Colleague: 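Next up is a structure, given as structure tokens.
In this text, all values refer to a predicted model and were calculated from it rather than measured experimentally. Values reported hereafter were calculated over all heavy atoms of this structure, with side chains retained and with hydrogens, waters and symmetry mates removed.
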Amino acid sequence: MSGTANTVKTSPHWGFELKQATYDEACRVLENIRKAGAHEPVDQLAREAGQAVTLLTEAGFQGYYHRPTEIVPLPAMAKKTADTGIRGIEKAIGFVIGQFFKKRTADELSQLADYLETMLHHNYEAKSHHLVFPISDDLHERALTLISKVQNDPHPRASLDLIVATLSELVTESIDAYYLQPTAMVSIGSITRKTADMSVKGVGSGVRGLIDKLVRQLTDEQLKALSYYLESMIHDRSL
């Protein structure tokens, strides 16, 4: 018998917290998709899947925008401008979700369910739920290093360019995980795909623009407060 103990490998992930009800609803829909027969009508299941993804998207806006701006309140005018931008982004994403779940087959729904399951994370110790996606070891290390720098540097505003660049990179990774990978699994008409791609491209540009504008308005203390919240969005998952 080998004396070497089995080690559990972990992989860095990034993601936001889910309410119990949202997590449970996503799990319920996944279970219904698995139980469906290959030749059963899937229109209702597709609608349920779209509704579940909409709930997850709403949780994403709460985690990525509303909660951070509660922790670090923005000036009234900046908040009004940002809220307007976010509403436009929500509308664009809502359109993409609606188009995405039209005319899905049972096999496509099954593939999407398997993919979504990999993103649902239950932390047994903390008794919390998150929607996460894997990030590279390099991005993980750079994010942790930057967070530590912000928390320990008396003047973290000196690193504003790096903070904006790293957050923007995480947005790019999010688009890959939340849109590009799922849509690669299904068949979508060329016109619909082109329209959805343009909407998502606009979403990415809009979010990166908001990050650049809003982060640069934060004080040193606000950046520190935000860094602790961002740190809570980094997770290690067992492989």
Colleague: Do the ring planes of Tyr23 and His129 sit parallel (below 30°), tilted (30 to 60°) or perpendicular (above 60°)?
Modeller: parallel
Colleague: Do any N or O atoms from the side chain of Thr118 and from the backbone of Tyr115 form a donor-acceptor pair under 3.5 angstrom?
Modeller: yes
Colleague: Asp176 vs Gln181, test: side chain to side chain contact (heavy atoms under 4.5 Å, CB included). Steps then yes/no.
Modeller: CA-CA 6 Å; Asp176 179 73; Gln181 292 189 52; 2.8 Å; yes
Colleague: Classify the ring geometry between Tyr178 and Phe133 as parallel (under 30°), tilted (30 to 60°) or perpendicular (over 60°).
Modeller: perpendicular
Colleague: About how many Å separate OG of Ser199 and CD1 of Ile89, when rounded to the nearest 0.5 Å?
Modeller: 12.0 Å
Colleague: Test of understanding: clusters of I, L, V, M, F, W, Y form through side-chain heavy atoms closer than 4.5 Å, transitively. Do Leu55 and Phe100 belong to the same one?
Modeller: no
Colleague: Look at the side-chain heavy atoms of Ile, Leu, Val, Met, Phe, Trp and Tyr, link any pair under 4.5 Å apart, and say whether Met198 and Ile188 land in one connected group.
Modeller: no
Colleague: Should Leu116 and Leu56 count as side-chain neighbours, where that means a heavy-atom distance under 4.5 Å?
Modeller: yes
Colleague: So that I can tick it off, tell me whether Glu169 and Arg208 are bridged by a salt bridge, with the cut-off set at under 4.0 angstrom between side-chain N and carboxylate O.
Modeller: no
Colleague: Can you establish whether the number of heavy atoms outside Lys213 located under 6.0 Å from its atom NZ is more than 12?
Modeller: no
Colleague: For Tyr228 and Lys224, work out which heavy atoms get closest and say how close.
Modeller: CD1-O, 3.0 Å
Colleague: Kindly indicate, with the supporting measurements, whether the criterion side chain to side chain contact (heavy atoms under 4.5 Å, CB included) is fulfilled by Glu17 and Arg67.
Modeller: CA-CA 11 Å; Glu17 189 168 4; Arg67 182 60 184 141; over 6 Å; no
Colleague: Should the pair Arg28-Glu25 be classified as a salt bridge under the 4.0 Å nitrogen-to-oxygen rule?
Modeller: yes
Colleague: CG of Leu180 to OG of Ser174: how many Å apart, nearest 0.5 Å?
Modeller: 11.0 Å
Colleague: Heavy-atom distance under 4.5 Å between the side chains of Glu173 and Leu139, does that happen here?
Modeller: yes
Colleague: Heavy atoms, side chains only, cut-off 4.5 Å: are Pro154 and Asp220 in contact?
Modeller: no
Colleague: Are Arg87 and Glu90 ion-paired here, with the side-chain N under 4.0 Å from a carboxylate O?
Modeller: no
Colleague: Search all heavy atoms of Ser227 against all heavy atoms of Ile147 and return the closest pair with its distance.
Modeller: O-CG2, 3.9 Å
Colleague: Can you hop from Val132 to Val53 via hydrophobic side chains spaced under 4.5 Å?
Modeller: no
Colleague: Can the ring centres of His13 and His235 be said to be less than 6.0 Å apart?
Modeller: no
Colleague: Are Tyr229 and Ile211 linked, directly or through intermediate hydrophobic residues, by side-chain heavy-atom contacts shorter than 4.5 Å (ILVMFWY only)?
Modeller: yes
Colleague: Might you point out which heavy atoms bring Ile163 and Pro156 nearest each other, and give the distance in Å?
Modeller: CD1-O, 4.1 Å
Colleague: Between the main-chain N or O of Arg142 and the side-chain N or O of Thr145, is there a donor-acceptor pair closer than 3.5 Å?
Modeller: no
Colleague: Restricting to non-hydrogen atoms, name the atom on Ile234 and the atom on Ala143 that form the minimum distance, rounded to 0.1 Å.
Modeller: CD1-CB, 4.3 Å
Colleague: Any donor and acceptor pair, going by atom type alone, linking the side chain of Asp236 with main-chain N or O of Thr10 inside 3.5 Å?
Modeller: no
Colleague: Please give me the minimum heavy-atom distance between Ala49 and Ile33, naming the atom from each residue.
Modeller: CB-CD1, 4.4 Å
Colleague: Please evaluate residues Leu223 and Leu160 with respect to the criterion side chain to side chain contact (heavy atoms under 4.5 Å, CB included), reporting the C-alpha separation (whole Å), side-chain torsions for both, the decisive distance (0.1 Å), and the verdict.
Modeller: CA-CA 9 Å; Leu223 285 172; Leu160 276 177; 4.0 Å; yes
Colleague: With rounding to the nearest 0.5 angstrom, report the OG1 to CG distance, Thr105 to Leu112.
Modeller: 8.5 Å
Colleague: Under a 4.5 Å cut-off applied to non-hydrogen side-chain atoms, are Ser128 and His130 in contact?
Modeller: yes
Colleague: Given salt bridge (Lys or Arg N to Asp or Glu O under 4.0 Å), test Glu117 with Arg34 step by step and report yes or no.
Modeller: CA-CA 11 Å; Glu117 185 177 32; Arg34 290 193 190 90; 2.8 Å; yes
Colleague: Rounded to the nearest 0.5 Å, what separates atom NZ in Lys149 from atom CG in Asn152?
Modeller: 9.5 Å
Colleague: So, do Met185 and Gln111 sit near enough that their side-chain heavy atoms are less than 4.5 Å apart?
Modeller: yes
Colleague: Find the distance between NE2 (His66) and CG (Asp83) and round it off to the nearest 0.5 Å.
Modeller: 7.0 Å
Colleague: Output yes when Asp43 and Arg47 qualify as a salt bridge under the 4.0 Å nitrogen-oxygen rule, no when they do not.
Modeller: no
Colleague: Measure from the side-chain N and O atoms of Ser148 to the backbone N and O of Leu144, and report whether any donor-acceptor pair falls under 3.5 Å.
Modeller: no
Colleague: Give, for atom OG of Ser187 and atom CZ of Arg104, the distance between the pair rounded to the nearest 0.5 Å.
Modeller: 7.0 Å
Colleague: Quick one, Leu18 and Leu120 - any side-chain contact, counting heavy atoms below 4.5 Å?
Modeller: yes
Colleague: Taking Ser110 for the side chain and Ala106 for the main chain, is one N or O donor matched with an acceptor at less than 3.5 Å?
Modeller: no
Colleague: Measure from the side-chain N and O atoms of Thr219 to the backbone N and O of Gln222, and report whether any donor-acceptor pair falls under 3.5 Å.
Modeller: yes
Colleague: Within a strict 4.5 Å, meaning less than it, do heavy atoms of the Gln99 and Phe95 side chains meet?
Modeller: yes
Colleague: Flag the pair Asp212 and Arg216 as a salt bridge only when some basic side-chain nitrogen lies within less than 4.0 angstrom of an acidic carboxylate oxygen.
Modeller: yes
Colleague: If you define the side chain from C-beta out and look only at heavy atoms, does anything of Leu210 sit under 4.5 Å from Ile86?
Modeller: yes
Colleague: Looking at Tyr179 and Ala196, what are the two nearest heavy atoms and their distance?
Modeller: OH-CB, 3.4 Å
Colleague: Under 4.0 Å between a Lys/Arg side-chain N and an Asp/Glu carboxylate O for Asp197 and Lys201?
Modeller: no
Colleague: How far apart are the C-alpha atoms of Val150 and Leu230, what are their side-chain angles, what is the distance that settles it, and do they pass the side chain to side chain contact (heavy atoms under 4.5 Å, CB included) test?
Modeller: CA-CA 11 Å; Val150 170; Leu230 295 176; over 6 Å; no
Colleague: Check each of Leu109, Val29, Val42 against Glu48 using the side chain to side chain contact (heavy atoms under 4.5 Å, CB included) test, and report the only one that passes.
Modeller: Val29
